Amino acid sequence: FSPSVLGTREHWDAAYERELQTFQDIGDTGEIWFGEESMVRIIRWLEKHKVPLDSSVLDIGTGNGVLLVELAKSGYMNLTGIDYSPSAIQLSEKVREKEGMPNIKLKVEDFLAPSAELSGFDICIDKGTFDAISLNPSDAVGKRKLYVGSLCRVLKPEGFFLITSCNWTKEELLNEFREGFEILEELPTPKFCFGGRIGNSVTALVFQRK
């Protein structure tokens, strides 16, 4: 991938400062990465596989925290969201307050250097964070390896990892997470047709930690 400002903390700090101001001005929670159907896809999978409602869930790069709110509305009780941008966590706290979901835990954390207390999760969810890390102008390959290492530390053995990506194909993600994880399922995503070939603009996979 070509390096991009989308891979820098400065970009996301500025973006979430703007979204925080907008929320305070007009109550708009901001952009939902990959749209609402991406959240529905995740929740449907959890429900289909009867994942217990008290399972510990970590949303990696939670942004505005809307996914956690939707999970809480679906009955999930043990929810944590992290983001390395303090502005994102401030915004997600405002959204949590507006929605009346005080039990959602939110923390400023850099997933590439997680604190010791960030561990033992049954489920980890990523919607676009691995994509952003992959665009970092400074040693993106090394940062991707750090990400996989962090995931192994925070996710319980046999825990589930649900990732949604617009930068990586299924085969590429299988390669990135080959150490420590096995693929369980590919989730259906919208298809497009270009030049007579059919493809997916978004890839959504479920892995299980070995």
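Start at 1 with the first residue, then count along the sequence. Keep in mind that this is a model prediction, so the values were computed, not measured.
At a cut-off of 3.5 Å, with distance as the only test, a side-chain donor of Tyr147 or Asp126 sits close to an acceptor on the other residue. Side chains of Thr203 and Trp168: a donor-acceptor N/O pair is absent below 3.5 angstrom, by distance only. In this structure, a donor-acceptor pair under 3.5 Å is absent between the side chains of Asn78 and Ser56.
Residue pairs satisfying the salt bridge (Lys or Arg N to Asp or Glu O under 4.0 Å) criterion with at least one member in residues 56-76, sequence neighbours excluded, are listed as follows: Glu70-Lys73, Lys73-Glu99. Contacts classified as ring-ring contact (aromatic ring centres under 6.0 Å, His included) and involving residues 42-67 (residues at least two apart or in different chains) are given here: Trp45-His49, Trp45-Phe160.
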**OP:** Evaluate the salt bridge (charged side-chain N to carboxylate O under 4.0 Å, His left out) criterion for residues Glu158 and Arg209: first the C-alpha distance (whole Å), next the side-chain angles of each, then the deciding distance (0.1 Å), finally the verdict.
**Re:** CA-CA 5 Å; Glu158 299 188 2; Arg209 198 187 144 200; over 6 Å; no
Original post:
Given the rule in the salt bridge (charged side-chain N to carboxylate O under 4.0 Å, His left out) test, do Lys48 and Glu185 qualify, once you have shown the distances and angles that lead to the verdict?
Top reply: CA-CA 12 Å; Lys48 175 185 169 186; Glu185 193 171 343; 3.7 Å; yes
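Residue Thr62 comes nearest to Ser92 through the heavy atom pair CG2-OG, 4.4 Å, listed as atom of the first residue, atom of the second, then distance. Among all heavy-atom pairs drawn from Ile133 and Ala140, the shortest one is O-CB, 4.0 Å. Of all the heavy atoms in Leu79 and Ala72, the pair that sits closest is CD1-N, 3.6 Å. Residue Val148 comes nearest to Glu176 through the heavy atom pair CG2-O, 3.6 Å, listed as atom of the first residue, atom of the second, then distance. What you find for Ser74 and Ile43 is that their closest heavy atoms are OG-CG2, 3.5 Å.
Distance alone, capped at 3.5 Å, is enough to place a donor-acceptor pair between the Lys143 side chain and the Ser138 backbone. At distances below 3.5 Å, at least one donor-acceptor pair connects side-chain atoms of Glu172 with backbone N or O atoms of Thr169. In this structure a side-chain-to-backbone donor-acceptor pair under 3.5 Å is missing from Glu182 to Lys210.
Tested against Met39, the residues Leu67, Leu68, Leu71, Ile125 include a single side-chain contact (heavy atoms from CB on, under 4.5 Å) partner, Leu67. Exactly one residue among Ser115, Pro114, Ser119 makes a side-chain contact (heavy atoms from CB on, under 4.5 Å) with Glu117. That residue is Ser115. The residue from Leu184, Leu174, Leu155 that alone fulfils the side-chain contact (heavy atoms from CB on, under 4.5 Å) condition with Phe207 is Leu174.
Taking the six-membered ring where the residue is Trp, the centroids of Phe111 and Phe130 are separated by 6.0 Å or more.
Heavy-atom contacts from other residues, nucleotides or ligands closer than 6.0 Å to NZ of Lys50 number 12 or fewer.
The existence of a salt bridge linking Lys170 and Glu186 is confirmed by a sub-4.0 Å separation between a basic side-chain nitrogen and an acidic carboxylate oxygen.
Under the 4.5 Å side-chain criterion, counting only non-hydrogen atoms from C-beta, Ile163 is in contact with Leu173.
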